[in-house]
Every structure is written in structure tokens, then in C-alpha cells.
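Below is one structure, written out as C-alpha cells, with a few remarks after it.
Counting convention: from 1, in listed order, for ligands and their atoms alike.
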Amino acid sequence: MNNVMVSLQQVTRVFANRPAVNNISFTVDEGENFILLGTSGCGKTTTLKMINRLIDATQGTIIVNGKNILDQPAEQLRRKIGYVVQHNTLFPHYTVAENIAVVPNLLSWDKVRTNTRIVTLIEKLHLSSSLLNVYPAQLSGGEAQRVNLARALVADPPILLMDEPFGALDTITRTAIRKEFSQLDELKRKTIVMVTHDVQEAFEMGSRICLMDNGRIMQTGKPAELLFRPYNNFVREFFSEAWLQLCFIVVRLADVWQFLVDEPAPEDVFLVEVTPEYSLSKAMQLIKDKHEKRTMLVVKDNTSNKKIITSEGILYAFSEYQRNQ
Ligand SMILES: Nc1ncnc2c1ncn2[C@@H]1O[C@H](COP(=O)(O)OP(=O)(O)OP(=O)(O)O)[C@@H](O)[C@H]1O
């Protein structure tokens with residue numbers, strides 16, 4: 001059985017007689033990337049802030065790591081929960097190193113332990129050590145967001161709440177940082193609840209997605225479930241515009257394996273080896289990226305299964321797969 005780290009049970013939050021969050025329930029397992037997705041004003045941020053008690057629920061129960069969040073001082077709860085928001089929340093008169101050291105200092109860590117941890121983290125987050133002594137105003141948006149993350153991770157909290165963490169970045173930096181973040185081993189072990197209104201981001205990063213509208217949950221499920229088994233018209237329509245692109249993010253070569261046709265490779269073709277774990281979009285990208293010569297993919301798993309495929313073959317396999325959903 002998976003260990004449930006965060007559980008919301010029939011939670012409501014009312015502002016000025018209007019429910020911003022209306023009777024919602026979900027659980028997040030240890031190590032999950034749980035995404036709160038939805039249009040502006042649907043209650044995502046309110047939901048996130050209730051988990052670390054920045055906002056109190058009007059009704060309902062919230063359990064974090066087996067304990068009702070009201071049964072402990074808010075400060076104690078927040079020590080187990082890292083929090084990253086869209087805006088730069090670094091203290092302007094503290095250097096980068098001093099900013100990251102805020103929590104270790106509160107926890108009375110000795111200097112050596114704090115410094116060792118800071119050096120490890122900034123390396124992992126691809127920040128140059130020369131930035132440790134500069135002030136936040138001198139950082140680019142991407143650097144500032146990495147420092148924000150370092151500060152949230154420094155005491156190794158088991159849970160991380162992120163509210164549009166890439167929202168203030170330009171598209172290119174945003175995509176690059178998002179990719180880096182998904183590969184960080186430090187984040188892989190964590191239970192993450194992340195707010196976004198960016199559908200592609202939700203599908204690239206989420207192990208499960210909770211789609212909200214007007215304070216209510218429309219559907220919670222794995223990315224593929226939302227695409228192939230939408231509960232209602234709202235869910236269907238929410239994803240309709242980007243549907244194919246999203247399918248290519250969530251469906252792997254392994255999923256369409258039985259429909260992939262093994263083709264003979266001509267001599268002058270460029271062969272790229274991939275595993276069946278590649279998503280269809282990553283596989284297509286590889287074929288596109290090598291246009292000087294025709295590219296085919298050699299898909300090999302760790303037994304002796306092997307198929308040589310083309311982009312047309314991937315499209316064909318996807319349409320067969322979709323018909324069988
Ligand atoms: N402190 C507050 N006082 C009054 N109303 C509030 C307060 N905070 C949020 N609301 C209202 O609650 C609703 C949900 O807000 P929330 O910030 O949770 O939405 P969101 O989905 O995170 O939106 P966005 O993506 O724009 O941040 C909105 O109608 C908002 O105006």
C-alpha cells in the first residue's frame with residue numbers, strides 16, 4: 001500500500017459568503033507529483049495554501065503525514081513542507097547564501113552543515129558558486145527561481161508545495177528549468193503538490209492531475225485517464241484544443257508496442273536507439289531533429305524485443321491504440 005502524505009476530506013473555504021473551494025477531497029501518495037490545474041480563480045492557490053495553513057479551511061479535514069494539521073503548531077507543520085511561489089520571495093538585503101541559510105539558522109544547524117548543504121544544493125540546481133555572495137536584485141529570473149527552490153529544499157522537507165513556480169519566467173527559460181527540475185533526484189523523492197494553469201506543464205510533470213472549476217474538482221486521475229476517460233464535458237472540452245499534443249506527452253512507445261510495425265531499415269538511414277519508455281512526443285522529436293538524413297528509431301527493451309520504426313509508424317500505432325481505448 002502506498003503511504004498517503006496529504007489528504008483533504010470534504011474541504012471548503014468560504015470568502016465573503018462565497019465558496020472559493022467547495023467540498024473537495026483528494027489524497028496524495030508519497031513521492032507523487034500531484035498537479036492542481038484549472039482556469040484562473042478556480043481555487044487552486046486557496047487549496048494549496050490550506051495544506052500549509054496559510055489559509056484555514058472553513059470546513060473539512062486536512063491530514064499531512066498521518067496527522068491532522070490543526071493538531072500541531074503551524075510553524076512545526078511548515079518545517080515539513082517546502083513552499084515555492086511564482087514571485088521572487090527572497091529577502092533583498094540577504095545574499096543568496098544567507099537566503100538559503102534562513103531555515104537552517106532557524107533550526108540551529110552548525111555552520112559547516114549549513115554550508116555543505118548549500119554547496120550541494122546549488123550544484124544540483126546548476127547555480128554557479130560565484131552567485132552565493134550576490135544579492136537577489138542581481139539574479140536573473142531563472143536564477144532567482146532556482147535559489148527559491150534551494151531555500152525550500154535546504155532542510156529536506158518530505159513535502160513540497162509549488163504555486164506556479166515557473167510562471168514568471170519567459171517561455172524558453174521556463175521549458176528549460178521545468179526539464180531540469182523533473183530530472184532532479186532531490187525532487188524525485190518528494191511528495192509534490194503543484195499549482196499550474198499551464199496544461200502542457202501539468203502533463204509533463206504530473207503523476208496525477210486534479211482538474212478544478214469554480215471551487216470544485218471536475219476529475220482527479222492519471223494524465224492518460226483525463227484524456228481517454230474524461231468524467232464529463234467540462235474535462236473533455238478543457239483538453240480538446242491540445243488533446244493530440246497531450247496524448248503524445250503521456251503515451252509511451254511501450255503503450256503502443258503491439259501496433260508498431262517493424263520496418264526494414266535502408267542502408268543510408270540514420271538509426272537512433274531508444275527504449276520503449278520514450279513518450280511518443282520525445283520519439284517524434286528525435287526523428288525530426290536529424291533531418292540531414294532520414295532517421296528511423298530502433299526501439300529495444302531489456303529483453304530481446306526490438307523494432308525499427310518511422311514517424312509514420314508512430315502515428316499509425318497511436319491511431320490504432322486510440323481506437324482500442
Ligand atoms: N483573501 C481572499 N479574500 C477574498 N476572496 C479571495 C481571497 N483569496 C481568494 N479569493 C477568491 O477565491 C477564488 C479562488 O481564488 P484562488 O486564488 O484560489 O484561485 P486560483 O485558481 O489559484 O486562481 P489563479 O490561477 O488566478 O491564481 C477567487 O474568486 C478569488 O477571488
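Taking W243 as the reference, F228 meet the ring pair (Phe, Tyr, Trp, His ring centres under 6.0 Å) condition, with sequence neighbours excluded. Contacts of K49 classified as salt bridge (Lys or Arg N to Asp or Glu O under 4.0 Å), with partners at least two apart in sequence or in another chain: none. Under the rule for a salt bridge (Lys or Arg N to Asp or Glu O under 4.0 Å), E263 has no partner lying at least two apart in sequence or in another chain.
Between R252 and D255 there is a salt bridge, since a side-chain N of the basic residue sits under 4.0 Å from a carboxylate O of the acidic one. A salt bridge is absent between D163 and K44; no separation between the charged side-chain nitrogens and carboxylate oxygens falls under 4.0 Å.
For ligand 1, the 4.0 Å heavy-atom shell contains residues F15, R18, A20, T39, S40, G41, C42, G43, K44, T45, T46.
In this structure, a donor-acceptor pair under 3.5 Å is present between the side chains of T310 and E312.
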